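Notes for the one structure printed next.
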Amino acid sequence: MDVAEGNRALKVDLVVDRDLSMPLYLQLASQIEKAIQAGELPPGSRLENELDLAGRLRLSRPTVRQGIQELVDKGMLVRKRGVGTQVVQAPVNRQVALTSLYDDLRSAGKAPRTEIIEYRIGRPSSEAVDRLQLGSGEQVLELLRVRYADDEPLAVMRNTLPERIAPSRESLASNGLYASLREEGVVSVLAHERIGATVADEEHAELLDEEQGAALLTMERKSFANDGSVVEFGYHVYRASRYSFEVTLVDS
(Lines give C-alpha, C1' and ligand atoms only; values in the text may rest on other atoms or scores of the structure.)
Protein backbone atom coordinates (compact mmCIF):
# COMPACT_ATOMS: atom_id res chain seq x y z
CA MET A 1 0.00 0.00 0.00
CA ASP A 2 1.40 3.41 -0.99
CA VAL A 3 0.42 6.44 1.05
CA ALA A 4 0.63 9.88 -0.49
CA GLU A 5 1.71 11.70 2.66
CA GLY A 6 0.71 15.13 1.44
CA ASN A 7 -2.93 14.46 0.76
CA ARG A 8 -3.56 11.06 2.40
CA ALA A 9 -4.63 9.45 -0.90
CA LEU A 10 -4.24 5.68 -0.58
CA LYS A 11 -3.48 3.21 -3.34
CA VAL A 12 -4.28 -0.42 -2.59
CA ASP A 13 -3.76 -3.56 -4.64
CA LEU A 14 -6.92 -4.16 -6.66
CA VAL A 15 -7.49 -6.90 -9.23
CA VAL A 16 -10.28 -7.32 -11.79
CA ASP A 17 -10.67 -10.43 -13.91
CA ARG A 18 -12.22 -9.96 -17.34
CA ASP A 19 -12.87 -13.70 -17.65
CA LEU A 20 -15.32 -13.69 -14.75
CA SER A 21 -19.06 -13.35 -15.33
CA MET A 22 -19.33 -10.73 -12.58
CA PRO A 23 -19.49 -7.19 -14.05
CA LEU A 24 -16.25 -5.26 -13.76
CA TYR A 25 -17.78 -2.47 -11.70
CA LEU A 26 -19.01 -5.00 -9.11
CA GLN A 27 -15.58 -6.63 -9.01
CA LEU A 28 -14.07 -3.23 -8.31
CA ALA A 29 -16.63 -2.45 -5.62
CA SER A 30 -16.02 -5.84 -3.98
CA GLN A 31 -12.25 -5.34 -3.99
CA ILE A 32 -12.50 -1.88 -2.43
CA GLU A 33 -15.00 -3.15 0.16
CA LYS A 34 -12.60 -5.93 1.17
CA ALA A 35 -9.78 -3.38 1.51
CA ILE A 36 -11.98 -1.27 3.80
CA GLN A 37 -12.95 -4.27 5.93
CA ALA A 38 -9.32 -5.38 6.17
CA GLY A 39 -8.23 -1.95 7.37
CA GLU A 40 -6.14 -1.19 4.30
CA LEU A 41 -8.44 1.78 3.71
CA PRO A 42 -9.11 3.13 7.22
CA PRO A 43 -11.93 5.56 8.04
CA GLY A 44 -11.16 9.07 6.80
CA SER A 45 -8.63 7.93 4.19
CA ARG A 46 -9.00 9.10 0.61
CA LEU A 47 -9.13 6.91 -2.49
CA GLU A 48 -6.97 7.68 -5.48
CA ASN A 49 -8.99 9.63 -8.03
CA GLU A 50 -11.20 7.92 -10.59
CA LEU A 51 -8.98 8.81 -13.53
CA ASP A 52 -5.87 7.28 -11.93
CA LEU A 53 -7.82 4.21 -10.83
CA ALA A 54 -9.25 3.71 -14.33
CA GLY A 55 -5.81 4.01 -15.90
CA ARG A 56 -4.16 1.63 -13.43
CA LEU A 57 -6.81 -1.09 -13.84
CA ARG A 58 -7.42 -0.44 -17.56
CA LEU A 59 -11.09 0.27 -16.94
CA SER A 60 -13.32 2.96 -18.37
CA ARG A 61 -13.99 5.90 -16.12
CA PRO A 62 -17.79 5.24 -16.10
CA THR A 63 -17.06 1.68 -14.89
CA VAL A 64 -14.91 3.01 -12.04
CA ARG A 65 -17.52 5.63 -11.18
CA GLN A 66 -20.26 2.98 -11.10
CA GLY A 67 -18.19 0.74 -8.83
CA ILE A 68 -17.50 3.56 -6.41
CA GLN A 69 -21.16 4.55 -6.44
CA GLU A 70 -22.05 1.04 -5.22
CA LEU A 71 -20.09 1.73 -2.03
CA VAL A 72 -21.39 5.29 -1.72
CA ASP A 73 -24.91 3.82 -1.77
CA LYS A 74 -23.86 1.34 0.94
CA GLY A 75 -22.62 4.19 3.11
CA MET A 76 -19.00 3.00 3.01
CA LEU A 77 -17.65 5.82 0.83
CA VAL A 78 -18.57 9.47 0.49
CA ARG A 79 -17.76 11.95 -2.25
CA LYS A 80 -16.69 15.42 -1.08
CA ARG A 81 -16.27 18.38 -3.39
CA GLY A 82 -12.67 19.54 -3.43
CA VAL A 83 -11.51 16.52 -1.40
CA GLY A 84 -12.35 13.41 -3.40
CA THR A 85 -13.75 10.06 -2.33
CA GLN A 86 -13.26 9.15 1.33
CA VAL A 87 -13.88 6.11 3.49
CA VAL A 88 -16.54 6.99 6.05
CA GLN A 89 -16.35 6.44 9.77
CA ALA A 90 -18.27 3.43 11.07
CA PRO A 91 -21.89 4.54 11.47
CA VAL A 92 -23.32 5.11 14.93
CA ASN A 93 -26.37 2.95 15.72
CA ARG A 94 -28.40 4.38 18.56
CA GLN A 95 -31.16 2.67 20.50
CA VAL A 96 -34.20 4.90 20.89
CA ALA A 97 -33.99 5.50 24.63
CA LEU A 98 -33.82 8.37 27.07
CA THR A 99 -30.07 8.83 26.82
CA SER A 100 -27.77 11.57 25.59
CA LEU A 101 -25.84 11.28 22.34
CA TYR A 102 -22.65 12.10 24.29
CA ASP A 103 -23.10 9.07 26.56
CA ASP A 104 -24.11 6.84 23.63
CA LEU A 105 -20.95 7.75 21.73
CA ARG A 106 -18.74 6.98 24.72
CA SER A 107 -20.51 3.63 25.19
CA ALA A 108 -19.86 2.84 21.51
CA GLY A 109 -16.13 3.48 21.95
CA LYS A 110 -16.19 6.81 20.13
CA ALA A 111 -14.47 9.98 21.33
CA PRO A 112 -17.23 12.61 21.65
CA ARG A 113 -16.49 16.31 21.48
CA THR A 114 -18.85 19.28 21.61
CA GLU A 115 -18.50 22.64 19.89
CA ILE A 116 -20.86 25.22 21.36
CA ILE A 117 -21.94 27.57 18.58
CA GLU A 118 -24.50 29.51 20.62
CA TYR A 119 -25.14 29.81 24.37
CA ARG A 120 -27.72 32.52 24.95
CA ILE A 121 -29.84 33.36 28.00
CA GLY A 122 -32.72 35.69 27.32
CA ARG A 123 -36.43 36.22 27.00
CA PRO A 124 -38.34 33.18 25.68
CA SER A 125 -40.33 33.04 22.49
CA SER A 126 -44.05 32.38 22.76
CA GLU A 127 -43.36 28.80 21.64
CA ALA A 128 -40.83 28.33 24.46
CA VAL A 129 -43.27 29.75 27.05
CA ASP A 130 -45.89 27.26 25.92
CA ARG A 131 -43.67 24.19 25.53
CA LEU A 132 -41.67 24.73 28.73
CA GLN A 133 -44.73 25.84 30.74
CA LEU A 134 -42.83 28.92 31.94
CA GLY A 135 -44.02 31.34 34.56
CA SER A 136 -44.13 35.11 34.14
CA GLY A 137 -40.68 36.68 33.79
CA GLU A 138 -38.80 33.40 33.43
CA GLN A 139 -35.90 33.32 30.97
CA VAL A 140 -34.50 30.48 28.89
CA LEU A 141 -31.18 29.12 27.74
CA GLU A 142 -30.99 28.58 23.99
CA LEU A 143 -28.25 26.22 22.83
CA LEU A 144 -26.77 25.40 19.46
CA ARG A 145 -24.10 22.72 19.53
CA VAL A 146 -22.24 20.50 17.06
CA ARG A 147 -21.44 17.03 18.37
CA TYR A 148 -18.35 15.30 16.99
CA ALA A 149 -17.45 11.61 17.05
CA ASP A 150 -13.74 10.89 16.64
CA ASP A 151 -13.28 14.48 15.38
CA GLU A 152 -15.92 14.08 12.66
CA PRO A 153 -19.13 16.17 12.87
CA LEU A 154 -22.14 13.96 13.51
CA ALA A 155 -25.05 16.09 14.72
CA VAL A 156 -26.31 19.66 15.08
CA MET A 157 -28.33 20.06 18.26
CA ARG A 158 -30.66 22.92 19.19
CA ASN A 159 -32.11 22.86 22.71
CA THR A 160 -34.11 25.26 24.84
CA LEU A 161 -34.50 24.91 28.61
CA PRO A 162 -35.49 27.09 31.57
CA GLU A 163 -32.69 29.39 32.71
CA ARG A 164 -33.26 28.31 36.34
CA ILE A 165 -31.78 24.86 35.60
CA ALA A 166 -29.30 25.91 32.91
CA PRO A 167 -25.90 24.16 33.10
CA SER A 168 -22.77 26.22 32.60
CA ARG A 169 -21.16 26.55 29.18
CA GLU A 170 -18.08 24.78 30.55
CA SER A 171 -20.09 21.78 31.75
CA LEU A 172 -21.84 21.45 28.41
CA ALA A 173 -18.53 21.59 26.55
CA SER A 174 -17.18 18.62 28.52
CA ASN A 175 -20.37 16.57 29.08
CA GLY A 176 -23.68 15.81 27.46
CA LEU A 177 -26.73 17.90 28.27
CA TYR A 178 -28.36 15.24 30.47
CA ALA A 179 -25.14 14.62 32.42
CA SER A 180 -24.79 18.38 32.96
CA LEU A 181 -28.39 18.57 34.16
CA ARG A 182 -27.81 15.69 36.57
CA GLU A 183 -24.99 17.70 38.10
CA GLU A 184 -27.62 20.39 38.77
CA GLY A 185 -29.87 17.79 40.41
CA VAL A 186 -32.25 17.62 37.44
CA VAL A 187 -33.14 14.18 36.08
CA SER A 188 -35.26 13.50 32.99
CA VAL A 189 -37.49 10.45 33.42
CA LEU A 190 -39.82 10.71 30.41
CA ALA A 191 -39.61 12.09 26.90
CA HIS A 192 -41.77 12.38 23.80
CA GLU A 193 -39.73 11.96 20.63
CA ARG A 194 -40.43 12.29 16.92
CA ILE A 195 -37.99 11.01 14.29
CA GLY A 196 -38.04 12.27 10.71
CA ALA A 197 -35.88 13.18 7.75
CA THR A 198 -34.80 16.24 5.81
CA VAL A 199 -32.05 17.38 3.46
CA ALA A 200 -29.09 19.59 4.29
CA ASP A 201 -29.56 23.32 3.80
CA GLU A 202 -26.57 25.68 3.56
CA GLU A 203 -26.14 25.98 7.36
CA HIS A 204 -26.35 22.26 8.11
CA ALA A 205 -24.14 21.38 5.14
CA GLU A 206 -21.42 23.68 6.47
CA LEU A 207 -21.68 22.53 10.10
CA LEU A 208 -21.82 18.81 9.22
CA ASP A 209 -19.32 18.84 6.34
CA GLU A 210 -21.96 17.54 3.94
CA GLU A 211 -23.11 18.56 0.49
CA GLN A 212 -26.25 20.70 0.28
CA GLY A 213 -29.18 18.37 -0.33
CA ALA A 214 -27.56 15.43 1.50
CA ALA A 215 -29.93 13.21 3.48
CA LEU A 216 -30.24 14.02 7.19
CA LEU A 217 -32.16 12.41 10.05
CA THR A 218 -34.09 14.63 12.44
CA MET A 219 -35.20 14.14 16.01
CA GLU A 220 -37.53 16.34 18.05
CA ARG A 221 -37.63 15.67 21.78
CA LYS A 222 -39.43 17.10 24.80
CA SER A 223 -38.36 15.69 28.17
CA PHE A 224 -39.94 15.80 31.60
CA ALA A 225 -38.75 15.45 35.20
CA ASN A 226 -40.46 13.10 37.66
CA ASP A 227 -42.55 15.98 39.05
CA GLY A 228 -44.06 16.55 35.60
CA SER A 229 -42.15 19.76 34.88
CA VAL A 230 -40.64 20.21 31.40
CA VAL A 231 -36.85 19.93 31.39
CA GLU A 232 -36.08 20.87 27.79
CA PHE A 233 -37.15 20.59 24.19
CA GLY A 234 -34.83 20.18 21.27
CA TYR A 235 -34.44 19.69 17.55
CA HIS A 236 -31.44 17.63 16.44
CA VAL A 237 -30.17 16.88 12.94
CA TYR A 238 -27.92 13.89 12.21
CA ARG A 239 -25.87 12.81 9.20
CA ALA A 240 -27.81 9.92 7.67
CA SER A 241 -24.57 8.47 6.27
CA ARG A 242 -23.13 8.15 9.80
CA TYR A 243 -26.10 7.63 12.07
CA SER A 244 -29.18 5.47 12.55
CA PHE A 245 -31.83 4.83 15.19
CA GLU A 246 -32.70 1.33 16.40
CA VAL A 247 -36.06 0.31 17.90
CA THR A 248 -37.00 -2.99 19.51
CA LEU A 249 -40.64 -3.95 18.88
CA VAL A 250 -42.64 -6.34 21.04
CA ASP A 251 -45.89 -8.02 20.03
CA SER A 252 -48.47 -7.04 22.65
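If you read the sequence from its start, that first residue is 1, and numbering goes on from there. Since the structure is predicted, the reported quantities are computational estimates derived from the model, not experimental observations.
Here the straight-line distance linking atom CZ of R158 with atom CG of L144 works out to 4.5 Å at 0.5 Å rounding. From R18, atom CZ reaches atom CD of Q27 across 8.5 Å, with rounding to the nearest 0.5 Å. Between R169 atom CZ and E118 atom CD the span is 9.5 Å, to the nearest 0.5 Å. Atom CG of L57 is separated from atom CD of Q31 by 9.0 Å, given to the nearest 0.5 angstrom. Remark: S180 OG to I165 CD1 distance equals 11.5 Å, nearest 0.5 Å. In this structure, CG in L143 is found 9.5 Å from CD in E232, a value given to the nearest 0.5 Å.
Between L216 and A200, the shortest heavy-atom contact is CD1-CA, 3.5 Å. When every heavy atom of V146 is checked against every heavy atom of P153, the shortest pair comes out as CG1-CB, 4.2 Å. Here the closest heavy-atom approach between residue G122 and residue Q139 is recorded as O-CB, 3.3 Å. Between V231 and A225 the shortest heavy-atom distance is CG2-N, 3.5 Å. Minimum interatomic distance between A128 and T160 (heavy atoms only, all atoms of both residues): CB-CG2, 4.3 Å.
Inter-residue side-chain proximity for R79 and Q69 is flagged as met; some heavy-atom pair is nearer than 4.5 Å. Two residues are said to be in side-chain contact when any heavy atoms from C-beta on lie closer than 4.5 Å; L181 and P167 meet this criterion. Side-chain atoms of V156 and R145, non-hydrogen and from C-beta on, never get closer than 4.5 Å to each other. Within the 4.5 Å cutoff, the side chain of E50 has heavy atoms near those of the I68 side chain. Annotation: side chain of L28 is in contact with side chain of L14 (closest heavy-atom distance under 4.5 Å). Taking the side chain as every heavy atom from C-beta outward, E183 and S171 approach each other to under 4.5 Å. Contact of the M219 side chain with the E193 side chain is registered, since non-hydrogen atoms from C-beta on lie closer than 4.5 Å. Contact of the Y119 side chain with the L141 side chain is registered, since non-hydrogen atoms from C-beta on lie closer than 4.5 Å.
In the hydrophobic cluster analysis, where Ile, Leu, Val, Met, Phe, Trp and Tyr join through side-chain heavy atoms closer than 4.5 angstrom, I116 is grouped together with L161. Taken together through direct or relayed side-chain contacts under 4.5 Å among Ile, Leu, Val, Met, Phe, Trp and Tyr, L208 and V199 form parts of separate hydrophobic clusters. Linking ILVMFWY side-chain heavy atoms closer than 4.5 Å, directly or via other members, places Y25 and L59 in two distinct hydrophobic clusters. Follow the hydrophobic side-chain contacts under 4.5 Å out from I121 and you reach L177 in the same cluster. Linking ILVMFWY residues whenever their side-chain heavy atoms come closer than 4.5 Å, directly or via other members, places I32 and V16 in the same cluster.
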Take L47 and L41, measure what side chain to side chain contact (heavy atoms under 4.5 Å, CB included) needs, and give me the verdict at the end.
CA-CA 8 Å; L47 247 57; L41 290 170; 3.6 Å; yes
Could you walk me through whether D151 and R113 satisfy the side chain to side chain contact (heavy atoms under 4.5 Å, CB included) test, starting with their C-alpha distance in whole Å, then the side-chain angles of each, then the deciding distance to 0.1 Å, before giving a yes or no?
CA-CA 7 Å; D151 287 325; R113 178 172 65 85; 3.4 Å; yes
Show your reasoning for whether side chain to side chain contact (heavy atoms under 4.5 Å, CB included) applies to Y235 and T218.
CA-CA 7 Å; Y235 179 76; T218 64; 3.3 Å; yes
Checking salt bridge (Lys or Arg N to Asp or Glu O under 4.0 Å) for the pair E127/K222: CA distance, chi angles, key distance, verdict?
CA-CA 13 Å; E127 178 192 20; K222 183 177 180 180; over 6 Å; no
Checking E48 against K11 for the salt bridge (Lys or Arg N to Asp or Glu O under 4.0 Å) test, could you report, in this order, the C-alpha distance in whole Å, the side-chain angles of both residues, the deciding distance, and whether it holds?
CA-CA 6 Å; E48 59 186 304; K11 183 169 71 176; 5.8 Å; no
Kindly indicate, with the supporting measurements, whether the criterion side chain to side chain contact (heavy atoms under 4.5 Å, CB included) is fulfilled by N159 and H236.
CA-CA 8 Å; N159 293 83; H236 299 180; 3.1 Å; yes
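Side-chain atoms of R239 never come within 3.5 Å of backbone atoms of A155 as a donor-acceptor pair (strictly under, hydrogens ignored). Checking side-chain atoms of S30 against main-chain N and O of L26 turns up no donor-acceptor pair under 3.5 Å. Judged purely by atom type and a 3.5 angstrom limit, S45 uses its side chain to pair as donor or acceptor with the backbone of P42. In this structure a side-chain-to-backbone donor-acceptor pair under 3.5 Å is missing from E70 to G67.
Around atom CD of E206, no more than 12 heavy atoms belonging to other residues, nucleotides or ligands sit under 6.0 Å away. Heavy atoms of other residues, nucleotides or ligands lying less than 6.0 angstrom from CD of Q37 number more than 12.
Screening H192, E220, R131, R221 for a side-chain contact (heavy atoms from CB on, under 4.5 Å) involving F233 leaves a single residue, R131.
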